[in-house]
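Structure, as structure tokens:
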Amino acid sequence: MTPPSTPPDTLEELQHRVNAIAGLSLGDLACSANIKVPANFKKEKGWTGQLIELWLGASAGSKPEQDFVNLGIELKTLPITTTGKVLETTYVCYAHLTGNAGLNWQNCNVRNKLQHVLWLPVIGQRNISPAQRQVGTGIFWQPNALQEQRLRHDWEEHMDNIALGNIESLSAKAGDVLQLRPKAADGSVVTDATGVDGQMIKTRPRGFYLRKNFTQEIIDCAFDR
DNA sequence: CAATGATCATGC
DNA sequence: GCATGATCATTG
């Protein structure tokens with residue numbers, strides 16, 4: 001088995017690719033693709049995601065759009081335990097801290113990405129080596145009305161705070177399902193933002209993240225629990 | 001011991 | 001620096 005060289009043309013094709021790697025370990029997938037598996041993810045934290053992208057034929061790159069643009073689907077790997085518990089929060093996208101006038105929930109990047117996502121659970125327990133971690137069954141998900149409402153509520157609250165110059169007092173504690181956290185190579189990276197008095201300030205870049213309770217709910221629902 | 005805040009790799 | 005892929009590790 002080798003990784004596909006083209007993106008999937010249809011949802012069915014994508015589903016087949018997902019089914020083909022379900023149950024396999026990251027070691028199997030890396031070996032078949034001639035890639036070396038890191039001993040741990042202290043470095044190369046995005047390794048799993050990039051390996052799965054390769055196997056599903058996702059268009060690589062850092063473009064702010066879905067992984068499968070033609071299908072309108074976003075791919076997310078989700079680290080879980082063998083008993084199905086979500087281990088980490090999920091990065092959604094970069095948060096712009098200025099120039100957000102005219103941006104609303106309907107046209108924002110968060111909604112655009114979460115409109116239709118393919119969740120791929122992967123064992124992520126640290127006591128299981130990366131090579132041995134198994135890929136689970138893919139879950140095609142679209143937010144229901146209530147889920148979208150909760151996401152929208154948190155998103156609007158965060159965006160209001162950003163616009164009002166409260167970015168420095170915003171912590172990851174805000175938001176029931178969607179949080180704002182630092183997102184940068186290290187603490188030296190800064191970007192423009194609006195300060196409390198409306199002046200331009202420099203602050204650490206932020207990103208939107210999905211809380212664990214939210215993603216847990218998605219997989220529980222998918223496994224009918 | 002979960003969650004927040006920090007950090008790693010890569011390609012512009 | 002921005003944006004993608006995320007997990008690490010200190011701390012409350």
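A, B, ... follow the sequence lines: proteins, then strands. Residue 1 opens every chain.
- Protein atom CD of A:Q50 is 16 Å distant from nucleotide atom P of B:dC8, rounded to whole Å.
- At the phosphate of B:dT10, neither OP1 nor OP2 sits under 4.0 Å from any side-chain N or O atom of A:S62.
- Nearest to the side chain of A:P64, among C:dC2, C:dT4, B:dT4, sits C:dT4.
- When the C1' atom of C:dG5 is taken as reference, atom CZ of A:F68 falls 13 Å away, rounded to whole Å.
- Using a 4.0 Å heavy-atom distance criterion, A:G46 is classed as a base contact.
- When distances are taken from the side chain of A:P205 to each of B:dA9, B:dA3, C:dC2, the shortest belongs to C:dC2.
- Distance from the side chain of A:D67 is smallest to C:dG5 among C:dA3, C:dG5, C:dT7.
- Of the candidates C:dA6, B:dG5, C:dC8, C:dA6 carries the atom nearest the A:K183 side chain, counting heavy atoms from C-beta on.
- Contacts between residues 90-97 of chain A and DNA chain C, defined by a heavy-atom separation below 4.0 Å, involve A:Y91, A:C93, A:Y94, A:H96, listed by number.
- Between A:A184 and A:D192, the one whose closest nucleotide on DNA chain C sits nearer the 5' end is A:D192.
- Where A:K42 and A:L170 meet DNA chain B, the nucleotide closest to each residue was compared, and A:L170 sits on the side nearer the 5' end.
- Distance alone, capped at 3.5 Å, is enough to place a donor-acceptor pair between the A:R133 side chain and the A:I128 backbone.
- OP1 or OP2 of C:dC8 has at least one side-chain nitrogen or oxygen of A:R126 nearer than 4.0 Å.
- Picking from B:dA9, C:dG5, B:dG5 the nucleotide with the shortest atom distance to the side chain of A:P182 gives B:dG5.
- Listed nucleotides: C:dT7, B:dA3, C:dA3. Nearest to the side chain of A:T89: C:dT7.
- Heavy atoms of A:A185 sit under 4.0 angstrom from at least one base atom.
- In the set C:dC8, B:dT4, C:dG5, B:dT4 carries the atom at the smallest distance from any side-chain atom of A:Q179.
- Contact check, A:T77 against C:dG5: no side-chain N or O comes under 4.0 Å of OP1 or OP2.
- In terms of position along DNA chain C, the nucleotide closest to A:N109 lies nearer the 5' end than the nucleotide closest to the other residue of the pair A:G124 and A:N109.
- In this view, A:E74 and A:K76 satisfy the side chain to side chain donor-acceptor pair (under 3.5 Å) rule, not counting sequence neighbours.
- Under the 3.5 Å distance criterion, the side-chain polar atoms of A:R206 are left unmatched by any main-chain donor or acceptor of A:Y94.
- Nearest heavy atoms, A:Y209 versus A:P182: OH-O, 3.5 Å.
- Within the nucleic acid shown, A:Q66 has no heavy atom closer than 4.0 Å to any nucleic acid atom.
- The distance between atom CG of A:N40 and atom P of B:dA9, rounded to the nearest whole Å, is 11 Å.
- Checked by atom type and distance alone, the side chain of A:E148 never pairs as donor or acceptor with a backbone atom of A:P143 at under 3.5 Å.
- Among the nucleotides B:dT4, C:dG5, C:dC8, the one closest to the side chain of A:K173 is B:dT4.
- With rounding to whole Å, A:Q125 atom CD is found 12 Å from B:dA2 atom P.
- Between the A:D67 side chain and the A:L75 main chain, a donor and an acceptor come within less than 3.5 Å of each other.
- A:K113 comes within contact range of the sugar-phosphate backbone alone, with a heavy-atom separation under 4.0 Å but no base atom that close.
- The side chain of A:R211 lies closest to B:dT4 when the candidates are C:dA3, B:dT4, C:dA9.
- Side chain of A:Q216 to main chain of A:V86: a donor-acceptor pair is present (N/O by atom type, distance under 3.5 Å, no hydrogens or angles).
- Contact annotation: A:K45 side-chain N/O to B:dT10 OP1/OP2 distance is not under 4.0 Å.
- In this structure, A:D186 atom CG and C:dC2 atom C1' are separated by 14 Å, rounded to whole Å.
- The side chain of A:V189 lies closest to C:dG1 when the candidates are B:dA9, B:dG5, C:dG1.
- If you measure from atom CG of A:N127 to atom C1' of C:dT7, you get 15 Å, rounded to the nearest angstrom.
- Side-chain atoms of A:D154 come within 3.5 Å of backbone atoms of A:L178 as a donor-acceptor pair (strictly under, hydrogens ignored).
- Put simply, the side chain of A:D186 gets close to the backbone of A:S188: a donor and an acceptor are under 3.5 Å apart.
- Taking atom CG on A:L56 and atom P on C:dT4, their separation rounds to 19 Å, with Å as the unit.
- Rounded to whole angstrom, the span from the CD atom of A:E88 across to the P atom of B:dC1 amounts to 16 Å.
- For B:dT7, neither phosphate oxygen OP1 nor OP2 lies less than 4.0 angstrom from any side-chain nitrogen or oxygen of A:K43.
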